[in-house]
Amino acid sequence: MIDKTYQSSEVEGRIYAAWEAAGAFRAGRPERAKAAPYSIVIPPPNVTGSLHMGHALNNTLQDILVRFERMRGKDVLWQPGTDHAGIATQMVVERQLMERQQPGRRDMGREKFLERVWAWKAESGGIIINQLKRLGASCDWSRERFTMDEGLSKAVLKVFVELYRDGLIYKDKRLVNWDPKLLTAISDLEVQQVEVRGHLWHIRYPLEGVTFNAEDALTFIVVATTRPETMLGDVAIAVHPENDKLKHLIGKNVILPLVGRRIPIVGDDYADPEKGTGAVKITPAHDFNDFDVGKRHDLPLISVLNREGKLRLKTNQTFLDGVPPSTALDETLTLDAVDRFAARKKIVERLETEGFLDKIEPHIHMVPHGDRSNAVIEPFLTDQWYVDAKTLAQPAIAAVREGKTNFVPKNWEKTYFDWMENIQPWCISRQLWWGHQIPAWYGPENPSTYGTQLPFYEERFVALSEEEAIAQAKALYPEGTEISVASNEETYRAWQRSYVLGNNQKLSIKLRRDEDVLDTWFSSALWPFSTLGWPESTPEVNRFYPTSALVTGFDIIFFWVARMMMMGLHLMKEVPFKDVYIHRLVRDEKGAKMSKSKGNVVDPLGIIDEYGADALRFTLARGAAQGNDIRLSPQLVENNRNFATKLWNAARFVEFNGAARVAGFDPKSAKETLNRWIAHETAKASREITEAIEGYRFNDAAGAAYRFVWNVYCDWYVELSKPVLTGPDGAAKDETRAMAAWALDEILKLLHPFMPFITEELWDKTAETGPKREALLALSDWPALEGLDDAKAEAEIGWVIDLITAVRSVRSEMNITAAIPLVLVAASAESKQRAERWADFVKRLARVADISFADAAPAGSVQLLIRGEVATLPLKGVIDLDAERARLQKEMAKADADIKRVDAKLGNANFMANAPEEIVEQEQERREEAENRRAKIIEALERLKGAA
RNA sequence: GGGCGCUUAGCUCAGCGGUAGAGCACUUCCUUGACAUGGAAGGGGUCAGAGGUUCGAUCCCUCUAGCGCCCA
């Protein structure tokens, strides 16, 4: 028995447990060994994260695809897992330590700290997985993976070593985006440009060889900068070679204020003559553009900041080199160890008091910020590891061009190409501890070539293991050298000191391992194959790679999709996925982006608690039109919860009326027109939904399902079947019961990918009568309905629906509550038959007292036009004749307008000459129909005159 | 500055070269035994503006205005 109401909170947990117990989501079920594979890898959520609405959308869409294909009989793998989220997770744990006033990570050391992170992972790592289950996600949880798992770590190591060997990973000293708060490099994708109201400071740089006079513009050159503190690292001034006002200064020198360094004025077209003063200061160690200019002119790099963003001057040899002592310099040196922003203020003050400040303009500009720390990012000169993304990008670009991977919607291709074609080296090292430690070991420069001199060059050994690194070192250093690995940085330094001091005659060498870890996205880039067991040649790799589809948000096309493409193609020689479906954002009901700081975040679990997972899923699916953000409001979810209730009640009604599934029932065998009609409609809906899911048109699929269930099955089939179901027993009743149950079954299947819980529950409840169910709904066959189209049934039921609707309209408009007679005028034989067959139904649904036939319309009746024929409601005395006249005149006006419009077309020689034949025919039919309608209305108006 | 996209009913959004659609909201009516989380009926749109292509444009093209996102 189906309960009176559907309690999602009671049902969902139980149903999910049943799926898991049956292993319904497992890939590689034996009975599907010969089935085609279908695979999706989940975009791994952060292991310590929790489910937000973006996840809910993303995973709902994947689940729709996966459940759909599973029902289509494929061997489906939805590969779940989480990533370790290096920076975010490390931040959380460090903050925790701070809050608890425990020692920081440096104090406790790497090993201890990592223990803490693993403990934190153990504690909070399962949360999001369970939340995904509450959403109904049908992942194969037995295969859950984590980027820091042994297997995935092995994959990361192997890839690093291979790419290094191939020259696609290298170490380089370049400017990186440095986060002075987190003390790590980040990739340019992790930098957010934020518009900031700042200033443009115009500074006078005195020309060499003349006496500086703030009043005399011939004694200096003015440059504008947004970051005056970096002037301490200036090494040149650039002016455009064709800048007529300034080009005469090229080749001359200026004396850097506050420092006294002599720096050249160089000609470079980077200096835009239209912008600012036309001259720009060049600080190659603190600006990406300046770095390039510096390279072109062979300028030195003077870094004046330390890792924490404080000025580093006193012990900074490159800063002091070639600068004559002066009191100005001494005063500048007092800024040593001062934070960059405090230093900026002080420097501006000094420039002003000493006459070097020309003017200050307010200036709005973009300032880079770290996406995790929100600190202002410094371009910073360090050694980091890079991936040669440009080389890897080439096959990845080609694969999309050749259609091996398709973006849906297609226009995202352009975004992908734009980025890929202008791709920069990918900085993959992070100064963190939580992550995959880079498998590189360093030792002193080979003494056989450099004796025991100061080791300013380090030998580098990139290897899969410490043993391999030692073996490599053995091969490099002189025979008999003892080689060991320092357990930590400290012991290495201690050894290094003694080595440098020449106390090491025995040639005992220590190696140290690179302390840094890899960008989390490096491991995520391997996700489509590392999760399948690569580098082992597992059956899963062979069966499920390349994956079928990837479903993700546009915000990680660069971070993730592009990098998976590069890695997949390079390492597997095949694209990682055939289709990439890109969905958009879930916004709040006002259209604002959900964010913690705005406080407008809608918690999917709260929605699930209140309305059920199915309602949330259906809402998201209905809203997921390609290319559009989804505005989510509780109202919408409520509507879809109501839809679930509607379905529930329909099932209850059907059950209550003895509709039980009949073994071997073939819908094609139905005799009753109504039953043939619903079979026809079911097949139609099934086609629409199938095609829509195949095309990733989730909204169309959900919309078609909604309309079919509510506006076809419930509104008409159930209503029209009532007289039969509640009437006398017989073949028609038996058939209708069987058909009602059959169609409901098809509905459950068609809705299952969208609303898995309620459909599975009903599948179970309806199994109580009739033949035994062979499988859970999740594992049942998707409808494949052939040979059910029935135009005749469609025409007949359509006629009935039109008739009922028309009578209801008049009743409503005329405010008639009593049962009224219906007279069909000059009815065709077909209409007569239909009317007789459907009399009971029409009487019931339109509240008609009786149906009769006449050759002419009775006087004083209301006229209805049903598919070209006249039906009347003799309402003499009941109706307001004026109102009826007005109604008819309105219809008349419409008919006139229709005729006029069609005539305009048909009278146009060009239209007749150029329009396709079927369109012309259509127009002609339309005219005939309108003409007929008009004639009937005129007759009715005439009759009204007679009645008056 | 470059790129992508949007502008359709009061709201949120589908759609599309051949007479404008849905949901919600609104109005009126309905405690008929699946469902008031419901049923029935109804009002409401020169499809942002201006040009162009076409027999025909809400749809294709160009421009303008406004809004959004991404990249520099």
Side-chain angles (χ1 to χ4, degrees), chain A residues 2 4-6 188-189 191-193 288-289 366 368 409 411-415 417-419 422 554-555 557-558 584-585 587 589-593 611-612 615 619 622-633 635-636 638-657 659 697 699-700 702-704 706-707 710-711 714-715 718-719 722 725-726 740 804-817 819 844-847 894 897-902 904-916 918-920 922-923 926-927 929-930:
Chain A
I2 301 174
K4 184 150 169 51
T5 53
Y6 173 68
D188 32 8
L189 286 177
V191 174
Q192 306 286 320
Q193 300 292 336
F288 289 99
N289 291 312
M366 304 300 271
N411 46 336
W412 287 109
E413 272 183 7
K414 194 158 172 52
T415 307
F417 288 138
D418 282 353
W419 190 69
N422 297 296
F554 61 90
D555 47 339
I557 290 180
F558 307 143
R584 297 196 48 130
L585 247 47
R587 295 172 176 274
E589 55 192 311
K590 292 189 200 88
K593 229 183 206 174
Y611 302 101
T619 306
R622 284 183 78 189
Q626 289 183 7
N628 264 83
D629 291 347
I630 298 173
R631 284 201 198 194
L632 188 78
S633 69
Q635 175 71 253
L636 282 179
E638 195 183 321
N639 297 150
N640 290 308
R641 190 271 320 268
N642 294 352
F643 174 65
T645 306
K646 186 78 181 175
L647 171 68
W648 185 260
N649 282 312
R652 229 158 58 86
F653 170 79
V654 163
E655 178 190 63
F656 186 75
N657 283 284
R697 287 178 288 110
N699 60 322
D700 287 344
Y706 181 95
R707 279 190 301 278
W710 200 312
N711 302 117
C714 292
D715 284 353
V718 168
E719 289 306 322
K722 278 177 181 172
L725 290 175
T726 59
I804 292 170
T805 306
V807 175
R808 281 171 171 174
S809 275
V810 171
R811 298 181 64 92
S812 178
E813 276 172 41
M814 305 263 159
N815 219 355
I816 299 159
T817 48
R844 180 186 174 117
L845 294 176
R847 286 212 81 196
K894 209 171 157 243
D898 287 348
I899 290 166
K900 206 175 150 194
R901 188 175 45 242
V902 175
K905 282 196 179 181
L906 294 177
N908 183 336
N910 282 327
F911 174 78
M912 298 305 282
N914 292 311
E918 67 263 27
I919 295 294
V920 176
Q922 190 184 306
E923 292 296 330
R926 201 170 277 160
R927 189 182 193 290
E929 181 277 327

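Just so we're on the same page: letters track the sequence lines, and every chain starts at 1. Note: hydrogens, waters and symmetry copies are ignored here, and every other heavy atom, side chains too, is used.
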Atom CE of A:Met366 to atom P of B:G1: distance rounded to whole Å?
14 Å
At less than 3.5 Å, do the side-chain atoms of A:Glu719 and the base atoms of B:A34 form a donor-acceptor pair?
yes
Quick one: label A:Asn908 by what it contacts on the DNA or RNA (base, sugar-phosphate, nothing), any heavy atom closer than 4.0 Å.
sugar-phosphate
Whole-Å distance separating the CD1 atom of A:Ile816 from the P atom of B:C29:
15 Å
When you measure from the side-chain N and O atoms of A:Asn422 to the phosphate of B:C71, is any distance below 4.0 Å, counting only OP1 and OP2?
no
Among B:C55, B:A40, B:A72, find the nucleotide with the atom closest to the side chain of A:Phe911.
B:C55
The side chain of A:Glu813 lies closest to which of these nucleotides: B:G23, B:G42, B:A14?
B:G42
If you take all heavy atoms of A:Leu189 and A:Gln192, which pair is closest and at what distance?
O-NE2, 4.3 Å
Partner nucleotide, any strand, of B:U46 [Watson-Crick/G-U, under 3.5 Å]:
none
Select one nucleotide: of B:G18, B:A34, B:A72, the one nearest the side-chain heavy atoms of A:Val718.
B:A34
With a 4.0 Å cut-off on heavy atoms, is A:Thr805 in touch with a base, just the backbone sugar-phosphate, or nothing at all?
sugar-phosphate
Candidate pair A:Arg697 and A:Asn699, rule side-chain contact (heavy atoms from CB on, under 4.5 Å), full reasoning
CA-CA 6 Å; A:Arg697 287 178 288 110; A:Asn699 60 322; 4.2 Å; yes
Please determine if a side-chain N or O atom of A:Asn914 lies less than 4.0 Å away from the OP1 or OP2 oxygen of B:C55.
yes
Looking at B:C24, which nucleotide sits across from it as a Watson-Crick or G-U wobble partner, both distances under 3.5 angstrom, or is there none?
B:G10
Here the distance between atom P of B:C69 and atom CG of A:Asn411, to the nearest Å, is 18 Å
Nucleotide of B:C35, B:A34, B:U19 approaching A:Ala650 most closely (side-chain heavy atoms)
B:A34
What is the distance, rounded to the nearest whole Å, between atom CD of A:Glu918 and atom C1' of B:U19?
17 Å
If you count every heavy atom of other residues, nucleotides or ligands that lies below 6.0 Å from A:Phe417 atom CZ, does the total exceed 12?
yes
Compare side-chain N and O positions of A:Lys646 against OP1 and OP2 of B:G39 and report whether any pair is under 4.0 Å apart.
yes
Checking B:U12, B:G33, B:A34 against the side chain of A:Thr726 (C-beta onward), the nearest is B:G33
Side-chain N or O of A:Arg844 versus OP1/OP2 of B:U32: is the shortest distance under 4.0 Å?
no
Closer than 4.0 angstrom, basic N to acidic O: yes or no for A:Lys722 and A:Glu719?
yes
Does B:C4 have a Watson-Crick or wobble mate here (both distances under 3.5 Å), and if so which one?
B:G68
At under 4.0 Å, does any side-chain N or O of A:Ser809 touch on OP1 or OP2 of B:G42?
yes
Nucleotide nearest A:Asn639 (side chain, heavy atoms from C-beta), chosen from B:G23, B:G3, B:A34
B:G23
Length of the line joining A:Trp419:CH2 and B:C69:C1', which is rounded to integer Å:
18 Å
Determine, step by step, whether A:Glu929 and A:Arg926 satisfy the salt bridge (Lys or Arg N to Asp or Glu O under 4.0 Å) criterion, reporting the C-alpha distance in whole Å, the side-chain angles of both residues, the deciding distance to 0.1 Å, and the verdict.
CA-CA 5 Å; A:Glu929 181 277 327; A:Arg926 201 170 277 160; over 6 Å; no
What are the two closest non-hydrogen atoms of A:Phe911 and A:Lys905, and how far apart are they?
CD2-O, 3.3 Å
Testing B:C55, B:U19, B:G39 for proximity to the side chain of A:Asp715, the answer is B:G39
How many whole angstroms separate atom CZ of A:Phe653 from atom P of B:G38?
18 Å
Return the minimal non-hydrogen interatomic distance between A:Leu585 and A:Lys593, and the atom names on each side.
CD2-CE, 3.5 Å
Given atom OH of A:Tyr706 and atom P of B:A22, what is their separation to the nearest angstrom?
12 Å
In whole angstrom, give me the gap between the P atoms of B:G18 and B:C60.
11 Å
Are OP1 or OP2 of B:G38 and a side-chain N or O of A:Trp648 less than 4.0 angstrom apart?
no
As a test of reading the structure: which of B:U19, B:A34, B:U37 is closest to the side chain of A:Cys714, going by heavy atoms?
B:A34
Whole-Å gap separating C1' (B:G5) and CG (A:Asp555):
16 Å
Look at the side chain of A:Asp418 and decide which nucleotide, out of B:G3, B:A34, B:C70, has an atom nearest to it.
B:G3
Taking B:A14, B:C13, B:A34 as options, the one with an atom nearest any side-chain atom of A:Lys722 is B:A34
Could you tell me how far B:G49 sits from B:C71 if I compare only their C1' atoms? Round to whole Å.
30 Å
Below 4.0 angstrom from OP1 or OP2 of B:A14, is there any side-chain N or O of A:Asn628?
yes
Side chain proximity check, A:Val902 to A:Leu906, heavy atoms < 4.5 angstrom:
yes
OP1 or OP2 of B:C13 less than 4.0 angstrom from a side-chain nitrogen or oxygen of A:Arg631, does that happen here?
yes
Taking the C1' atom in each of B:U37 and B:G56, what is the distance between them to the nearest angstrom?
46 Å
For B:U19, does OP1 or OP2 lie under 4.0 Å from any side-chain N or O of A:Arg901?
no
